[in-house]
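All of these numbers come straight from a predicted model, not from anything done at the bench. A, B, ... follow the sequence lines: proteins, then strands. Residue 1 opens every chain.
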Amino acid sequence: MNAPDELKKAIEGDLKSIEQICIATWEPLYRFIYFKVQNREEAEDITQETYVKTLAYLQKHKMPWDNLPGFMKTVALNVLRDRWRQRKRRGIPVNFEEINPEETAGMDHQKAVSQRLQIENALAKLSEDQRIVLDLRINKGYSVAESAKLAGKTEAAVRTAQYRALQALAQILDDSD
Amino acid sequence: MDNPENKLSDYIDALNAEKEPEKHQGTAGTPELEKLLATVRLVRTLKEPAMPSPGYPQRLAAALADKIQKNNTTGFRQPVEPNPKPGNRIYETAAGRSRRKRILPAVAALVAGLLLFAVLTSWTGLFNPDVVYAMEKAVAQLSNYHGVLEMRSKNAAGEEWMIRRVELWSDGDKYALRQNDGTMTVNNGEKKWQLRPQKKEVALLPLLPDPARNGFDLRDEAKRAKQYPHKVVGSEMIAGRQATKIEISPPGGLAYYLWIDAETNLPVQLQTAMQNALQTTLTFISFEPNTGINPKIFAYQPPEGFKVVEKDPGQLVATVEEAAAISRLTPLLPKEAPARILAFKDRIVLDYGDTTIVESAAGGAFQPAPNSALGTAAGGPLEVWQERLRWRQDGIEIQAEGTRRVELARQIAGDLTLPDTGKNMVNKARVEVPVDMEITKADQQQVDRGSSPWQLDPLQVSLTFVNLMVSPEGITGEPEIPAASFKLMTNNGAQAVVEVAAGPVKQVYLKRLVRQDETGIWSVVGYDPR
């Protein structure tokens with residue numbers, strides 16, 4: 001099937017058609033990006049940039065409508081990789097393994113579940129204190145001050161505990177790979 | 001700030017505030033710290049994503065249209081900035097004026113206080129973050145189960161009785177259920193039949209579509225619990241198992257309860273709200289997840305002496321041509337080939353596993369369900385109702401149901417458009433009708449209890465509204481402006497416009513004020529006088 005009229009109109013800049021495409025496609029793409037960057041601000045930015053790049057590409061090339069969601073995920077991965085490279089130039093090491101496009105593009109629900117299990121298994125190997133601090137800070141999203149109050153620690157102790165807990169967790173995850 | 005512990009902590013704070021950490025906190029600095037930041041992100045994947053504020057796709061579309069227009073006027077340039085500047089981001093208002101909400105310190109303190117209160121009152125074990133996520137995961141991993149489900153009812157006087165008890169076997173796509181009277185229904189993925197011992201007969205049933213397999217679908221419950229606000233309210237023993245009790249509150253509806261087995265994380269009991277002085281409880285009085293199920297349960301072997309009753313159960317065919325010959329239809333096919341094709345005398349069913357497409361000959365006028373939203377497909381109306389799409393194309397009525405319905409339907413009708421939920425259609429009303437939200441909420445609960453279902457139909461609500469204008473003393477007998485004068489012009493699921501051919505009102509504007517899904521009632525919010 002050729003690209004439908006909607007897509008053609010969108011490429012020409014028809015707001016209604018662009019809206020239809022955005023409404024139908026934004027959520028899986030946003031979730032995919034959020035999964036990688038873990039914050040709304042960046043996920044919104046990259047989602048927008050992905051749409052801009054996709055439409056720019058489609059102004060010059062033809063693309064079957066059915067391939068659009070997969071194509072957009074690949075574009076999103078390229079945007080993510082660009083950002084990582086940019087940071088590398090600023091002095092941040094790039095973990096290219098983490099943005100392996102084949103692996104990430106093929107990351108279906110089942111893989112997400114198995115990754116989740118792996119993290120949970122690793123968390124279960126931490127000490128109770130370490131689990132508590134990660135639960136409060138990352139899972140429940142409390143500030144250092146709130147977490148300190150809840151866990152009966154000083155703020156400095158919470159910062160140290162979360163650092164050590166994440167060190168231990170990274171080690172467990174490395175060992176399990 | 002240079003201290004790695006502080007840097008890590010600031011990074012976590014930025015993510016918790018849903019902000020891009022590098023933009024606000026700077027860079028990681030060392031490979032070791034980078035690894036820890038990546039670990040933070042990994043742990044965070046256990047949480048549900050923070051979604052953008054409502055209307056995001058519309059704002060996204062506006063930003064894109066703007067960008068395309070600029071490109072079209074200045075000649076196209078490939079965007080080169082990997083990190084768009086804040087000015088390029090989508091903000092909640094147009095015209096480039098940033099109105100990203102800032103929480104005032106006092107409000108922030110209040111929110112923090114409330115959060116603290118919530119955690120202290122619902123502390124049910126550390127790093128048992130959300131029992132509903134654990135349930136979702138357990139349900140996703142469930143390969144098979146065998147259990148006995150009991151349904152009991154209780155009236156307002158506290159009297160309780162058992163309605164029925166069914167034994168269930170479920171293994172992937174296959175399932176079998178035996179009722180109290182021995183009737184056994186089996187679907188083994190290739191055939192569906194019902195064994196009726198009292199009548200000594202086996203009835204062959206259509207394999208697809210197969211709606212709700214039983215009244216307590218584990219996947220559906222996990223999905224609903226996640227979608228609606230919920231909280232842990234206690235821990236109880238249910239059928240000899242320790243279970244966490246959660247209260248689920250559908251917006252504008254009455255709360256109901258779900259109990260989740262503390263060991264398996266699977267739902268074990270569901271209790272509806274007391275409605276019309278009646279409350280129903282569904283309990284798995286026995287439940288064995290991921291167990292060995294005797295394959296004979298799913299084998300089609302009619303017992304000796306049983307009569308086989310067949311009422312067009314359909315047949316699996318290998319090709320579309322075969323299906324066309326049996327059904328005398330020329331089906332419209334998505335580009336993607338179905339996993340299975342079933343042919344009936346009057347219809348063809350294309351099975352994609354998670355999605356089913358049914359095609360039959362179109363007869364009479366197309367009547368969308370009154371509480372459905374309307375889009376367009378093949379130049380005509382598209383009915384959008386729960387997880388179903390229905391439209392007509394080339395003399396065939398097509399119905400797509402399941403998770404990939406939009407994707408597959410678009411492969412048949414390339415012009416398919418979904419209802420535009422972001423569009424404000426009712427602000428054009430010349431006369432505004434004030435709405436008392438207290439009364440509307442009470443009406444919604446009344447409809448939830450099964451009374452006055454007409455409030456789910458925008459045409460019926462308009463008919464009542466207009467006729468009460470004409471006859472303020474009440475409608476007796478046939479309404480003065482008959483139902484035939486009312487025509488649904490648009491309905492995006494949240495707002496609707498109804499045109500009236502006669503009487504003092506030309507157009508009625510309606511909104512679903514309490515809940516914007518198929519269970520939400522419509523209220524008149526404005527009208528245009530004739």
Side-chain angles (χ1 to χ4, degrees), chain A residues 1 4-6 13 15 18-20 22-24 26 31 34-35 38-42 44-45 48-49 51-53 55-56 59 65-66 79 82-83 86-87 90-93 95 98 113 116 119 123 131-132 134-135 137-144 146 150 159-160 162-163 166-167 169-170, chain B residues 5-6 8-9 12-13 15-16 18-22 27-28 31 34-36 38-47 49-50 52 56-58 60-61 63-65 67-69 72 76 78-79 82-84 89-90 112 115-116 119 126-127 129 137 140 335 406 410-411 414-415 417-418 420:
Chain A
M1 188 182 284
D5 293 346
E6 202 76 73
L15 179 60
I18 297 172
E19 257 187 31
Q20 285 291 341
C22 288
I23 288 168
W26 77 273
R31 282 177 176 271
Y34 189 98
F35 193 81
Q38 286 300 316
N39 70 88
R40 191 174 65 193
E41 187 178 40
E42 199 172 2
E44 285 185 8
D45 275 352
Q48 183 185 352
E49 202 175 335
Y51 275 98
V52 169
K53 291 201 166 179
L55 285 175
Q59 284 184 320
W65 167 261
D66 318 344
V79 175
D82 280 352
R83 290 188 158 216
Q86 187 85 350
R87 277 174 206 160
R90 296 204 312 248
I92 300 179
N95 185 354
E98 200 182 53
V113 168
R116 173 175 261 220
I119 300 164
L123 281 167
R131 279 202 304 274
I132 291 172
L134 295 189
D135 182 31
R137 288 285 286 133
I138 302 177
N139 179 56
K140 294 204 166 80
Y142 290 119
S143 69
V144 171
E146 286 163 346
L150 284 165
R159 283 193 198 94
T160 306
Q162 79 192 2
Y163 191 88
L166 286 163
Q167 269 182 324
L169 191 66
Chain B
E5 283 180 12
N6 287 344
L8 180 68
S9 207
I12 295 171
D13 285 336
L15 291 183
N16 286 344
E18 298 298 338
K19 288 184 170 172
E20 186 180 344
E22 279 78 9
T27 59
E34 180 54 36
K35 190 174 191 176
L36 297 188
T39 311
V40 173
R41 291 196 299 274
L42 269 180
V43 176
R44 230 173 164 271
T45 60
L46 300 179
K47 292 173 72 170
Y56 173 74
Q58 287 77 21
L60 177 64
L64 287 179
K67 195 109 188 163
I68 289 173
Q69 259 182 1
N72 286 348
F76 181 68
Q78 182 80 14
N83 291 311
R89 292 195 76 247
I90 314 156
L115 282 171
L116 207 62
V119 78
L126 289 160
F127 230 91
K137 192 183 71 192
K335 188 181 167 196
V406 177
R410 280 219 167 98
Q411 292 181 19
D415 65 345
T417 58
L418 292 171
D420 180 359

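- Residues B:Pro21 and A:Glu42 come closest through the heavy atom pair CD-OE1, 4.4 Å.
- Atom NZ of residue B:Lys19 and atom CG of residue A:Asn39 lie 10.5 Å apart, to the nearest 0.5 angstrom.
- Put simply, the side chain of B:Leu46 does not reach to within 4.5 Å of the side chain of A:Asn139, judged on heavy atoms.
- Side-chain atoms of B:Asn16 come within 3.5 Å of backbone atoms of A:Arg137 as a donor-acceptor pair (strictly under, hydrogens ignored).
- For the atom pair CG (B:Leu8) and CG (A:Leu166), the distance works out to 5.5 Å, reported to the nearest 0.5 Å.
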task: Begin with the C-alpha distance, continue with both residues' side-chain angles, and end with the deciding distance and a verdict on side chain to side chain donor-acceptor pair (under 3.5 Å) for B:Ser9 and A:Gln162.
output: CA-CA 8 Å; B:Ser9 207; A:Gln162 79 192 2; 2.8 Å; yes

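- Of the atoms belonging to A:Ile119, it is side-chain heavy atoms, and not backbone ones, that fall under 4.5 Å from chain B.
- A distance of 4.5 Å separates CD in A:Gln20 from OG1 in B:Thr417, rounded to the nearest 0.5 Å.
- No side-chain heavy atom of B:Leu42 sits less than 4.5 Å from a side-chain heavy atom of A:Gln38.
- Checked by atom type and distance alone, the side chain of A:Glu41 pairs as donor or acceptor with a backbone atom of B:Glu20 at under 3.5 Å.
- In plain terms, the two heavy atoms of B:Asp13 and A:Ser143 that are nearest each other are OD1-CA, 4.4 Å.
- Atoms OH and CG, from A:Tyr163 and B:Leu36 in turn, are 5.0 Å apart once rounded to the nearest 0.5 Å.
- Atom-to-atom distance recorded for B:Leu64:CG and A:Gln48:CD is 6.5 Å, nearest 0.5 angstrom.
- A donor-acceptor contact closer than 3.5 angstrom links the side chains of A:Tyr34 and B:Glu18.
- Of all non-hydrogen atoms in A:Cys22 and B:Pro57, the two that sit nearest each other are CB-O, 3.7 Å.
- The distance from the CD1 atom of A:Ile23 to the CG atom of B:Leu418 is 8.0 Å, given to the nearest 0.5 Å.
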